[in-house]
Structure formats: structure tokens, C-alpha cells
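Input: a single structure, listed below in C-alpha cells.
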Number of protein chains: 2
Amino acid sequence: MVFNQPKIRIKDIAEMAGVSVGTVDRVIHGRSNVSKLALEKVQKVLDEIHYVPNHYASALASNKVYNFAAILPMHKEDSYWARAEEGLYEGVKRYTDFKLSFKVFRYDQFNEESFEQQARSLLAYDPCAVIIGPIFNHRIMTKFTQKLENKNIPYSLLDSYWADLNPVTFYGQDARRSGEFSAKIILMAAANHKKIALFKLLGEGRVASRQQLDREEGFRKYVKTHSPETEIVDLNLYAYDKDGMKDSMFKFFTENSDIRYGLSFNSSIHVIGNFLKDNMPDHPKITLLGYDAIDANIKCMRDGYVDFLVGQHPQHQGLNCFRSIFNSCVLHMKQEKLHYVGIELIMPENLDFYKD
Amino acid sequence: MVFNQPKIRIKDIAEMAGVSVGTVDRVIHGRSNVSKLALEKVQKVLDEIHYVPNHYASALASNKVYNFAAILPMHKEDSYWARAEEGLYEGVKRYTDFKLSFKVFRYDQFNEESFEQQARSLLAYDPCAVIIGPIFNHRIMTKFTQKLENKNIPYSLLDSYWADLNPVTFYGQDARRSGEFSAKIILMAAANHKKIALFKLLGEGRVASRQQLDREEGFRKYVKTHSPETEIVDLNLYAYDKDGMKDSMFKFFTENSDIRYGLSFNSSIHVIGNFLKDNMPDHPKITLLGYDAIDANIKCMRDGYVDFLVGQHPQHQGLNCFRSIFNSCVLHMKQEKLHYVGIELIMPENLDFYKD
DNA sequence: TTTGTAACAGTGTGCGCACACAATTATGGG
DNA sequence: CCCATAATTGTGTGCGCACACTGTTACAAA
């Protein structure tokens, strides 16, 4: 039997210490104008009883308005970041009983100046806390977080993490380990087949995020260790050139007609799947693995053209990230810092139960 | 930009309707002593504005004590139910700002009379809401939930679900689908090997839960459909007879020396793994799949004797189950009813990120 | 008309806390 | 010793709501 024991209130502490609630309040909040004697009396009681305030009553009484902000990469409707952002909104919605506002600033992942510009706007907005979907460039990130720290604005990181930053919380996946995980799966599926295609869909001529690089690194390391005889064949595709992409794929699958397994480290595996479905319907089955259960990938999986997806619950990440910073700022609750989310395998068999 | 728009309070409604807050309060709570005219005026305003109360202020003001109860199977320290129960406690702990108590009643899964006895104690405790870890016997379950419904006590189900019951919420896994999932994984791992061992660890001479039966059913169906030539070899083990178990395993692995793949549908796969590790160290590798990332299984996986685990986040299930019934009872928030948790694959590569 | 009673409506208090403000005490200069 | 001022402490109000209580009105019986 668990009983949340009758909670000690400020009033009780005041009584025990023989002072008024005002004094206890001042001590608890470290406000000035407390005599040494009174402070000692209160402190003694506090030391004994381990006071935990009623966070909800506290927030109710303080009646403050909290302005949260996020700075995230621009994104398409059906994407990791779209889901993560939805999660953030869901978090806001969960706390309609409090006075919150939430503003999202979006930057172009391929344009560092755009990040700095949005960062400036964000700082001008003067939020009480910030959620960051980090930009690739470490120096620019540090510059920004430094500014936040100088202004005493707490921040949380979403998706990728740097050890030298000091966020309130981090929510994201261990990218390298998730690359190893993908390797294990695709090698298992491939069994004795020793050739694997690695599709790289490049946004502006380069990989957008550190996450993708780390996944690939983990993947290559794992394959090298566990199946050194397996050959990895790369195919680079440039998203801004639709026709060129199609040609490249034709050429690739014709030249590498023995390819039966392939993967990609971002959420675009549906591009390959749909290409095969629409343009090479007679090609022998190619087993595909990709990242993120976005709608396009899910559809492609239901059609039978994508076989494995590695999921990371972006919406949960967003929701929990918001929740953590809310708990920290509004309810003054201490938060666990690092939250590496699970590395989840999605297949047609469990797709229905993968919910964001 | 999202702004939680300035919330409309009871006071505002009163003003708009031209009545006092008391009257609004009576209308909102459906209390009596409201004239038709006043009711209409308030109702009109309510219809226009879609009032959502401040749940936290409401709970604070009502200052009620809530007694929750759970009825769960007895369990060992390191088990699915132990984790689920921890999750429930965590839920209680999260709401120390409210006046809650929580009492757990434990019954013997193999003794229906024991369930009925605990159910009686529970009813005598007169809780405001109940969490049920269902007993196998459908008739007994229905009898119990019927009693709860008669007393207007809401209940939630944990782990297994019956469509003809009407719980506030359900948290658990779709057992049949999870069996199919296991089949897919083990068939993929087995590649061209066409023999799979099915280990059944029986507590009191029979399988304890419907979940296990359903998993097996899903598994067999999937194998039959996707790999009809695969042979499934059963091994029954009786937990109460340790020596007999060991003998059975020796005999089994000697007679079926070509077995390379095996699985079990409860959390006891570590028994097989540890047997192989301790007693047949020279036996060729046997790939094992089991359920639940309990400590014994995790250890066995780290030792390299269990390869796959199907997880279901029991602690999350417990926590969320408690949270849902708390939200429903205390904060009067509407709850989504069915929560099928994900079917998760755990391997050494993502084990570190599988957290409860 | 008066009076009793039921139906209805409005006010006040308190949940636990934050914070403004009032009251009290201490300190020091004249 | 007195008074101005600062330092300290205590009290009151309100956050949004629930609920008890008091006050008001209507209406029927006497």
C-alpha cells in the first residue's frame, strides 16, 4: 500500500519553526530580508522534513505567463521534423491550464546565415526557454547556446546532442548505434547475399545532419566487423534534380542487377521503393531498409516495397522534450538530462502498433 | 505561434450569462436548484465558448482524497508484473501533489478462488478506481467487473483485454500480432534452416495467461503461412520440478541435435539460455528468442545466449495505465480507451536504449 | 395579508502558494 | 529619549475552482 503521506505545507513549516508563512516563503525562495535567527529556525525544519512544494498550486498562485520558443529546421509536411513539431504542439496543448505561448522559428538546414538570422529573431522574442533542433555547424550552435546561457535562458536539444553543451534535457537517438542496428538487420535479412546498396539522397548536394553521418559510420563499422566480405555499393541522388535522379536509379539498378538489399539513412527510402514499384515492376524483389515511419514510408511498406524502418518516435520526442522544459521552468521540477530514445524496428508485422 | 488563449473562467461565464458563479457552478456540475431561465442563459454561453475548466485548480479546490487499488497476479521480483507494478508506483509518485492512496491486491494466477478472495478484499477497501491485471478465466473476470460497474467504480485493464468489458482504458500488447512478429524474426534469422524449437515453461502444469496462448497461435499461423516446410518441435518444461526440467532439456537437445533456433512465449527464455551456457557449452550456437526484457533475460543476452527479446515496456504500461485513470478520476479528463503498446525487437545492438 | 416552505441565487471560505503591502522591531543620529 | 529610517516579520489578497452557507424570491396555505 502506497500512501502519499499528508503533505507538509508552508503553513506547517511556519508553525514548526515559529515564524510566519511569509518568512518561510522568503527562505524557500532565497529572498532577502530574513534575520539570521529566523533563517536558522526555518532551515532546521526544512532540513528535517524534506519539503516538496505543491507545484500546481505554486504555478496557479504565481500566475505567470511563460513564452517558449523553438528553433527547428524547415521541413516538408511528412517528415521527421514535422512529427517532432507536432509533438511540441501537443505538449503545449497539454498544458492549457497554464499561461503559455509557443513560437517556432524555422531555419534552412543548408544555409547557416538563415540559422543565425532566426536565432536573432528568437532572442529578440525573449523566451523563457528554448528548444533547439541543432544545426550541423558546431561553432554556430555553440555561439547560439552561449548567448542563451548568458541570458540565463535554459534550452533543450532535440534530435542531436553535443557533449560540450549544457542543455536542460536532450531527446534523440544514438545515431551511431542505430546505424549498427540497421546493419545487423540488413545483414540478417540478406543472409548469404553479400552485396548491399547504400542510397544517399542529398538535399543540397550534401548530407543534412550529423545524425545521418553517424548512422552511416556505425553501419560501415558493423558490416566491416561482422561481415567483411559484404560489399557496400553507393548511389548518390540529388533531390533537386528529379529527372537526373530517375536516370541515376535506372542506370544503377541496371548496372548492379544483382542488388537485392539496400538501405538509406534518412527518411527518403520511399523514393527508391516507389521508383522500383513504378518503373521496374519486374525487377526481382529488393529488400529495403530506411529511417522514420513517415506516411510516405509507411505507405511504401504497406505496398510491399519497403521492408524495414527504423523508428524513433519523433512525436514522442517532441512531446517529452516540451514536457521536460515545461516541468523545469513552470513547475520547477528537476529533470533527468539525457534521454536516448529506443531504436525501434518497424516491419509490416508491427507497423500497426507503432504509434507516435 | 501557438498561444494558449486567455482562458475563460467560471467568473467570466457568470458575467456573460448575467448570473453568479454559484449558478454557473451548479449548471456545469449538473447540480439541482437552477431555474430554467438561468440554466438557459448559462447553457447558451457554454455552447458558445466550449469551456474547459482548469483541472488543476479544480482538483486543488475540491481537496478530495482518492483511493486507488489494483488487483494483479502474484509475481517474482524480476518479471513482467514486477515491472508493471513499479510503473504503477511511479505513477502514484508523480502525483504527490494530490491526495492519493494506492493499494495492490495480489492473487495466485493458478488459483481462481484466490482471485475471488482478493477481489472481495478490494471491494471492501472501496476504492474510487481499480486497475486490473486480468485473470485467465473469463467468467470470473466478468463477474468482478460487473460488480465494479454496479458500484460505479471505473477500472482499467493491464496486459490483456476482452472486447466485452468496458474499461476506462486498456494498456497492453496485441498478443497474436506479437506472435506473428516473433515468427517473422525467427524465420528471418533461421534463413534456410527449417526446424524451430518451441519451449513452454509451465508454472503449474498449464500456461498462465491468455497472452501466451495468443502469441503461440499467432506464431503458428505465421509459420504455417510463410514457411509451411518449417517444423516446430515442442518442449514442455515444468517449473516446479527443477531436476526434471534439466533432464528434459538434456534429452531434448540430445535427441534434437540439429536444433539451432528456439523461442518461448513467456519471459523464461533465460532458463534455456542459461542451461545451454552452463551445461552444454560445446553445443553449436542456438539462436533464442523470448519475451520481456527482464534482468535475467538481459543478462543472458549480454552473455550471448539470448539473441532476441520482444519487449513491451511493462513499466510504461503501468505508469500510463495509472496516469490514465488518474487523469480520468481526479482531473476529469477524457481518456482514449485502447492503448496497444508497440511490439519491440530487442537485440544486443539496441538493448542499451530499451528503457522502461 | 401573513407566514411557512421550497426553490433558487449569490456570497464567502479555503485548497497551497506567491507576492504586495502593512505592521512591527531594530538601529542610529540628534 | 525621541524620531527617522532601515530591517525584518506578519498579514491579506488572489490564482480558479468547489462547496457550504446565507440571502432572496415565489408561491401556496392559513
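In what follows, chains carry the letters A, B, and so on, assigned in the order in which the sequence lines appear, proteins first and then strands, with residues in each chain numbered from 1.
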Distance test, side-chain N/O of B/Ser58 to OP1/OP2 of D/dA18, below 4.0 Å: yes
Check: A/Tyr66 ring centre within less than 6.0 Å of A/Phe326 ring centre: no
Given DNA chain C, 5'-ward residue of the pair B/Asn33 and B/Ala57, judged by closest heavy atom: B/Asn33
B/His339 side chain to B/Gln317 side chain, donor-acceptor N/O pair below 3.5 angstrom: no
Between P of C/dG14 and NZ of B/Lys64, the distance in whole Å: 19 Å
Degree of bending, the helix from C/dT1-D/dA30 to C/dG30-D/dC1 (end axes from five pairs; round to 10°): 70°
Among A/Ile132, A/Val130, A/Asp164, A/Ile153, side chain to side chain contact (heavy atoms under 4.5 Å, CB included) partner for A/Thr145: A/Ile132
Near-strand residues of residues 11-26 of chain B, defined as heavy-atom separation under 4.0 angstrom from DNA chain C: B/Val19, B/Ser20, B/Val21, B/Gly22, B/Thr23, B/Arg26
Rounded interatomic separation in angstrom, taking CD1 from B/Ile10 and P from D/dC17: 5 Å
B/Tyr95 OH - C/dC15 P separation (whole Å): 24 Å
Electrostatic pair A/Asp25-A/Lys11, nearest N-O below 4.0 angstrom: no
N/O (side chain, A/His29) to phosphate O (OP1/OP2, C/dA18) under 4.0 Å: yes
Atom pair distance, as rounded to whole Å: CG in A/Leu60 and P in C/dG14: 17 Å
A/Phe170 and A/Tyr161 aromatic ring geometry - parallel, tilted or perpendicular at 30°/60° bounds: tilted
Sugar-phosphate, base or nothing in reach of B/Asn63, heavy atoms under 4.0 Å: sugar-phosphate
Sidechain N-carboxylate O distance under 4.0 Å for A/Arg9, A/Asp12: yes
Presence of salt bridge, B/Glu90 and B/Arg94, under 4.0 angstrom: yes
Integer-rounded Å distance: C/dG14 C1' and B/Lys99 NZ: 11 Å
Candidate nucleotides D/dC15, D/dC19, C/dA9, ranked by approach to the side chain of B/Ser62 - the nearest: D/dC19
Donor on one side chain, acceptor on other, A/Thr169 and A/Tyr155, under 3.5 Å: no
Interatomic distance where CZ belongs to A/Arg31 and C1' belongs to C/dC21 [whole Å]: 14 Å
CA sep, side-chain torsions, deciding dist, call: B/Leu88, B/Val92, side-chain contact (heavy atoms from CB on, under 4.5 Å): CA-CA 6 Å; B/Leu88 294 174; B/Val92 178; 5.7 Å; no
Nucleotide D/dA7, atom P - distance to NZ of A/Lys36 in whole Å: 16 Å
Sugar-phosphate, base or nothing in reach of B/Ala59, heavy atoms under 4.0 Å: nothing
B/Lys99 and B/Asn63: side chain donor to acceptor below 3.5 Å: yes
Contact under 4.0 Å: B/Tyr51 side-chain N or O vs D/dC17 OP1/OP2: yes
Separation of D/dT9 P from A/Ile28 CD1 (nearest whole Å): 15 Å
side-chain N/O B/Ser32 vs C/dA7 OP1/OP2, d < 4.0 Å: no
